[in-house]
Amino acid sequence: MSGYNRYKEKSIYSMTGPELLLLVYDEAIKRLTRAEHSLEEKNYEDFDDCLMRTSRIVRYLREILDMSQPISRDLRRIYDYLIYDISRIKAGRERRRDEIGRIRHILSELKDAFEGASKKVNDMHMVKERDIRG
């Protein structure tokens, strides 16, 4: 394993749960952007690969949901919709080109929401200085 790959692996293992979640969203968004470019270049093999990987990522996000949380049911519906829509894009290619941007937008909004929630939770867990009263 090269030094860069070891560094990359070590940095991933040292990430927190929320950081890993954001990384997964970033990868899905990146793959959709690449799929869009591949479609423009008529590189259908790469286009199909990018959509397949994005679909796998969204399936993973659906699988890791904590269904004891009330919001998880809504997220599951969103993920199911995205998986369905990705399969429609893959089947329709040229006819559904504009939907790639819409799916990317939905994933970006979800990522931003998780990022904001993560920051809010981290801010709430910070130790605050207290006055010493004597």
Side-chain angles (χ1 to χ4, degrees):
M1 184 182 289
S2 74
Y4 174 74
N5 286 338
R6 278 190 297 244
Y7 167 77
K8 191 173 173 183
E9 185 176 313
K10 187 177 180 181
S11 68
I12 288 173
Y13 285 127
S14 65
M15 289 180 160
T16 64
E19 289 172 330
L20 285 170
L21 182 64
L22 296 176
L23 184 68
V24 169
Y25 273 108
D26 282 338
E27 184 64 23
I29 292 164
K30 181 178 88 174
R31 291 289 173 174
L32 286 171
T33 301
R34 186 170 161 186
E36 224 169 14
H37 294 312
S38 295
L39 187 58
E40 288 172 11
E41 296 169 1
K42 299 200 183 305
N43 182 350
Y44 297 122
E45 187 176 326
D46 190 53
F47 171 78
D48 289 340
D49 181 63
C50 287
L51 289 182
M52 179 189 66
R53 288 177 187 238
T54 304
S55 182
R56 284 183 183 168
I57 291 169
V58 176
R59 287 176 197 278
Y60 171 76
L61 289 169
R62 189 183 75 192
E63 288 172 16
I64 65 170
L65 286 172
D66 178 359
M67 294 310 288
S68 67
Q69 300 298 319
I71 195 168
S72 293
R73 283 192 291 272
D74 293 331
L75 285 170
R76 183 178 215 148
R77 280 189 231 128
I78 292 170
Y79 292 148
D80 285 341
Y81 168 76
L82 292 175
I83 292 165
Y84 171 74
D85 219 24
I86 291 168
S87 68
R88 286 182 41 197
I89 292 169
K90 192 173 178 182
R93 282 190 189 150
E94 302 289 339
R95 293 179 302 152
R96 306 216 183 271
R97 171 182 296 196
D98 56 330
E99 293 187 33
I100 296 172
R102 192 171 49 74
I103 291 173
R104 188 175 50 239
H105 177 74
I106 292 169
L107 288 172
S108 294
E109 291 288 320
L110 288 170
K111 177 192 171 241
D112 291 345
F114 278 112
E115 189 171 25
S118 173
K119 286 179 183 175
K120 199 171 201 176
V121 168
N122 286 336
D123 289 345
M124 289 173 41
H125 286 88
M126 291 179 60
V127 177
K128 297 181 181 176
E129 290 184 35
R130 294 187 178 190
D131 292 332
I132 300 175
R133 297 182 186 180

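Applying the salt bridge (charged side-chain N to carboxylate O under 4.0 Å, His left out) test to residues at least two apart or on different chains, the pairs with a partner in residues 50-59 are Asp49-Arg53. For residues 106-117, the side chain to side chain donor-acceptor pair (under 3.5 Å) pairs, not counting sequence neighbours, are Asp26-Lys111.
Counting all heavy atoms, side chain and backbone alike, Ile57 lies closest to Glu27 at CD1-CG, 3.7 Å.
The distance from the NZ atom of Lys90 to the OG atom of Ser55 is 8.0 Å, given to the nearest 0.5 Å. For the atom pair Leu23 CG and Leu21 CG, the distance stands at 9.5 Å (nearest 0.5 Å). The line from SG of Cys50 to NE2 of His37 is 10.0 Å long, rounded to the nearest 0.5 Å. Here the straight-line distance linking atom CG of Leu20 with atom OH of Tyr25 works out to 13.5 Å at 0.5 Å rounding. Leu75 contributes atom CG, which lies 6.5 Å from atom CG of Leu110 (distance to the nearest 0.5 angstrom). Distance check, rounded to the nearest 0.5 Å: CD of Glu99 to CZ of Arg102 gives 4.5 Å.
Residues Arg77 and Asp74 are paired through a salt bridge, judged by an N-O separation under 4.0 Å between the basic side chain and the carboxylate.
For Ser72 (side chain) and Ser68 (main-chain N/O), no donor-acceptor pair under 3.5 Å exists by modelled atom type. A donor-acceptor pair under 3.5 Å is absent between the side-chain atoms of Thr54 and the main chain of Arg31, judged by distance alone.
At a threshold of 4.5 Å between side-chain heavy atoms, the hydrophobic network of Ile, Leu, Val, Met, Phe, Trp and Tyr places Tyr60 and Met52 in two separate groups. The hydrophobic cluster containing Leu107 does not contain Tyr84, counting ILVMFWY residues as joined when their side-chain heavy atoms lie under 4.5 angstrom apart, directly or transitively.
With sequence neighbours left out, Asn43 forms a side chain to side chain donor-acceptor pair (under 3.5 Å) with no residue at all.
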Q: Determine, step by step, whether Phe47 and Ile89 satisfy the side chain to side chain contact (heavy atoms under 4.5 Å, CB included) criterion, reporting the C-alpha distance in whole Å, the side-chain angles of both residues, the deciding distance to 0.1 Å, and the verdict.
A: CA-CA 10 Å; Phe47 171 78; Ile89 292 169; 3.9 Å; yes

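Across Leu82, Leu51, Ile29, Val58, a single residue satisfies side chain to side chain contact (heavy atoms under 4.5 Å, CB included) together with Ile103, and that is Leu82.
Within 6.0 Å of CD1 in Ile71 there are 12 or fewer heavy atoms belonging to other residues, nucleotides or ligands.
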